[in-house]
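Only one structure is covered here, and it is reproduced in the block below.
Below, read A as the first sequence line, B as the second, and so on, with proteins coming before strands; counting in each chain starts at 1.
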Amino acid sequence: MHLEKVYEPQQFEPRWAERWVEAGIFRAALGAPGPVFSLAIPPPNVTGSLHIGHMLEHTEIDVTIRWRRMRGDNTLWLPGTDHAGIATQMLVERKLVEEGLDRRSVGREAFEQRVWAWKERYGDTIKRQMIRLGASCDWSRERFTLDPGLSRAVREAFVRLHEKGLIYRGEYMVNWCPRCHTALSDLEVIHDETPGNLWHIRYPVNDSPRSLVVATTRPETMLGDTAVAVNPRDERYRDLHGKTVRLPLMDRDIPIILDEVADPEFATGVVKVTPAHDPNDFEAGRRHNLPKVKVIDESGRMTPEAGRYAGLDRFEARKRVLADLDRLGLIEKVDPYQLSLGKCQRCKTPVEPLVSIQWFVRTKPLAEPAIRAVEDGRIRFIPENWTKTYYEWMYNIRDWCISRQLWWGHRIPAWYCADCGETTVARETPAACSKCRSGRLEQDPDVLDTWFSSGLWPFSTLGWPDQTEDLRTFYPTSLLITGFDILFFWVARMIMMGLECAGDVPFREVYIHGLVRDAERQKMSKTRGNVVDPLEITEKYGTDAVRMSLLLGAAPGTDVVLTEERILSARAFANKIWNAARFLFLNMERSGVEPWAPEEPALHMPEPAGPGAETALEDRWIFSRLNRAVDLASRAIDRYRYHEAAQLVWQFFWHEFCDWYVEIKKLRFRENSGLDAHWRNTLTVFDTGLRMLHPIMPFLSEELWQRLAGGLPGRPASIALARYPEYGEEVSDPEAERQMEILREIVTAARNLRADMKLDPRQQLEALLYARGAARDVARTQSEAIQKLANIRLDLRDETAPATSEGALRSTPEFDLLLRVPQAQTEVRRQRLEKEIEQLEKVIAGSQRQLANPEFLNRAPAPVVASLRQKLADYEAQLAKSREALAALN
RNA sequence: GGGCGCGUGGCUCAGUUGGUUAGAGCGCCUGCUUCACACGCAGGAGGUCACAGGUUCAAGUCCUGUCGCGCCCACCA
């Protein structure tokens, strides 16, 4: 059993990724036909467009799935963003690449056919996953039409909502992207603070010497003005009520209306009304029955209605309008003005509010139950403060424009009759008009907003609208893990759709993680283009290292900064474990130990070495520590505190197992041979530790676990199928922990002194140890370990340490350690002692002050007072010794 | 305009109900190629927890205000 000297994940990660996926291991493990599917994120050597922003999410999902499964949760399903979709994509593309194909060279049609064929071939279990779960990933959105199951669910939902009057078609002001040529929902419009101008334009009033000055940020829309509005309470314009103004440039007479849209406080208090190009004006126009004059078209060009400006681009038209107004002397003034300009989320083109006929979801009736579900705790947000954001949005929700004029997506299941104009909404393509029975029907060319179908995801993937076994078993799903940037787009809509269509909440808990940021703290996102290629970095450092570094930073409610340095240190951790294993394997060979592993499932207390023999201190200690770590890590993962779990595991493996346990065991292995108690204990700890590590670093733990005792009869085929270790009260050993603590203090004291004196670490020194109480036992029983770890020769004494100038002294309440050092070191020792004394004096003064306060003694709980007293006594004893030692030097 | 969050050693951050001399990783300094690991070992320096008040026996932790930074939502021309 030979391990390379350096951890090289590339050599085993692809193999495990392959096996886990192909064995459908999570599915198989559940023993139920559920759609749980997880992919260690991301599998190396796979082409695909997974980006780093998803990795945190995928990692957290994967950790949770692995952990819960190892804990025996059998009805788990996490509808994680598009992790399954991406898994699909990567697997499929990988397969195709193996066949020497890629999208570009093959052409879309042929590629799609092959994808489909491959999905068919892939096997029943995964196939359904692929087909269903692939739906929410960008790439597979293009092939909704290939997916009869999902299309059926979407139509079903649309028709149901329509029947209940929750979907309507109407003329409304929508955000229109002139470049993408599609309507956008409010959420798809991003607002930018942009410097602009506020132009004051004079409109002459008919039959009056006066004129009205309107203020606008968009002068070109004046061509479509059909009124000007003043506030009815505005005294300044009372005499003009009922009159008309002459619209400059267009020479059209338009009325002066009284409406609240005009704020007397703002600018001149007069607002121009353009019902066709401004949402507010649209509403005002409705109230006053104003005509809508559309002067800008779907491409952002001026329409024939714009008269001589027809055909001009909207921004060009603005310049011309301003120039013309200026020539006529109608521009009163121009003020610089910050305006929040709406832009298309995808292409950043300024959106144009346009009146058009679109499909809408009536959201108020859907939002109410969705709010209640969170209020009464059927859905819980983690961290909790997101609930407030959720409420804010839900209480102020506006109707949702769901029709899109894109070429991919689900077609809207509505048909228009060419004869009578009737609209027929149906699950199946209708043969004839529902009203006049005409056969001349045409389907609405628009498709649905992608979030409409995504909103159905938690149940459409389970076979809805059929009442399938999967749906019964796994709905509502357990947990949704996602980013807050998608809270409104997706989470809120899943909740609304789930309650409406599936009759229950789509999930019980929503864990919201932070965003992954780069070294400059920029959000990583596809549209921003600053994404790290996860395949590249995982190829370079290993999947586990990337996972570990993400998890260490994944405190709930905070963003994760991912830098190369962090990944580097995580890789170092992986290497550390790798080499600990390497050390064990080498020694097993040397001692003739055959592969051996403890029985499943739990953390076992080791057997004693033999009749009359005692269990070694380091064994009792490490089991107790591991027991504790397992307990805390488990609870941390359970509460989505991944960073705590990662840190605990790190601390245990590196600073307890490697730094102390293995170091002490080196002594034992040197003399022994065969599978004795030492080996059984060591292997048990390592095996258990790997299982604790597995959800966080699946590849490394799998590889080592397999090498450790993979082929043994009765062992699960994968560590992922083994049990997560569980806390056992009986394994907890506070006494061993206390003793080990003392041992470490003694060793550290010796190392400290040696380093202070700048002595060669290789030189063995003489030391006198004056141990008291518990330390006396430790000193007697563990002297061998202490001598080895500190590289000293111990001379045990019972009496209290004399103040001597013979060596350097380190004191604690339990022991005094006197290291014999050359006389020349007095100056260093003096400095050291002086510093120590200074520190002690400070702490003692503080403690004394507090203990002298009667309020403290009366009000503080007794244990707090007692422990402070104890501490003060210890400090004082130490101080006395340090002073004596200092005196002896002089 | 409303809502949320952040400000802790050079850097990136932990610190869950207030109670040991405030922690970690990276970086830095010193010494070590000790036969698992230099992606390592041992030791060390470095913080009045943004500022000002308040509550409390006790505050990085709770309250108020100030300053600085960020995010989200919102139809005010």
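Atom NZ of A:Lys272 and atom P of B:A77 are 12 Å apart (whole Å). Separating the CG atom of A:Leu648 from the P atom of B:G25 is a distance of 14 Å, rounded to the nearest angstrom. As a whole-Å value, the separation of A:Phe381 CZ from B:C4 P is 16 Å.
Position along RNA chain B of the nearest nucleotide to A:His643 versus A:Tyr875 favours A:His643 as the more 5'-ward residue. When each of A:Ser847 and A:Trp654 is assigned the nucleotide of RNA chain B bearing its nearest heavy atom, the one mapping closer to the 5' terminus is A:Ser847.
For the P atom pair drawn from B:C26 and B:A42, the interatomic distance equals 12 Å after rounding to whole Å. Comparing the same atom, C1', in B:C69 and in B:C51 gives a spacing of 15 Å after rounding to whole Å. Separation of the C1' atoms belonging to B:G15 and B:G47 is 14 Å when rounded to the nearest angstrom. With both ends at atom C1', the span from B:A24 to B:U64 equals 33 Å, rounded to whole Å.
A donor-acceptor pair under 3.5 Å is formed between the side chain of A:Asn575 and the backbone N or O of A:Tyr7. Counting only distance, with no hydrogens or angles, the side chain of A:Trp650 and the backbone of A:Leu552 share no donor-acceptor pair below 3.5 Å. In this structure a side-chain-to-backbone donor-acceptor pair under 3.5 Å is missing from A:Arg829 to A:Met757. Between the side chain of A:Arg318 and the main chain of A:Thr221, no donor-acceptor pair closer than 3.5 Å is present.
Listed pair A:Asn752 / B:G44 meets the phosphate criterion, a side-chain N or O lying under 4.0 Å from OP1 or OP2. Taking only side-chain nitrogens and oxygens, A:Arg566 never comes nearer than 4.0 Å to OP1 or OP2 of B:C11. Distances shorter than 4.0 Å separate some side-chain N or O of A:Arg762 from OP1 or OP2 on B:U33.
For B:A36, the base has a donor-acceptor partner in the side chain of A:Glu663 [N/O atoms by modelled type, under 3.5 angstrom]. Residue side chain A:Arg639 reaches the base of B:U16 through a donor-acceptor N/O pair under 3.5 Å, judged by distance alone. Put simply, the side chain of A:Lys388 and the base of B:C4 share no donor and acceptor less than 3.5 Å apart. One N or O donor and one acceptor, one from the side chain of A:Asp263 and one from the base of B:C76, sit under 3.5 Å apart. Checked by distance alone, A:Lys5 brings no side-chain donor or acceptor within 3.5 Å of a matching partner on the base of B:A36.
Comparing B:C32, B:C41, B:A77 by their nearest atom to the side chain of A:Asp659 picks out B:C41. Between B:C39, B:U12, B:G19, one nucleotide has an atom nearer to the side chain of A:Arg571 than all others, and that is B:C39. The side chain of A:Phe488 approaches B:C73 more closely than any other nucleotide in the set B:C73, B:G25, B:A42. The side chain of A:Ala755 lies closest to B:G43 when the candidates are B:G19, B:C4, B:G43. Closest to the A:Lys576 side chain, of the nucleotides B:G19, B:C39, B:C37, is B:C37. Closest contact between the side chain of A:Arg641 and the listed nucleotides B:G15, B:C26, B:A77 involves B:G15.
Using a 4.0 Å cut-off between charged nitrogen and carboxylate oxygen, A:Arg810 and A:Glu836 count as a salt-bridge pair. Using a 4.0 Å cut-off between charged nitrogen and carboxylate oxygen, A:Glu663 and A:Lys666 count as a salt-bridge pair.
In this structure, A:Trp393 and A:Phe488 have parallel ring planes: the angle between them is below the 30° cut-off, well short of the 60° mark.
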Q) Reading RNA chain B 5' to 3', how would its secondary structure be written in dot-bracket notation, given Watson-Crick and G-U pairs with both distances under 3.5 Å, brackets [ ] for crossing pairs and | for partners on other strands? A) (((((((..((((.....[...)))).(((((.......))))).....(((((..]....))))))))))))....
Q) Please walk me through it: do A:Phe669 and A:Phe583 pass side chain to side chain contact (heavy atoms under 4.5 Å, CB included)? A) CA-CA 11 Å; A:Phe669 295 157; A:Phe583 170 80; 4.3 Å; yes
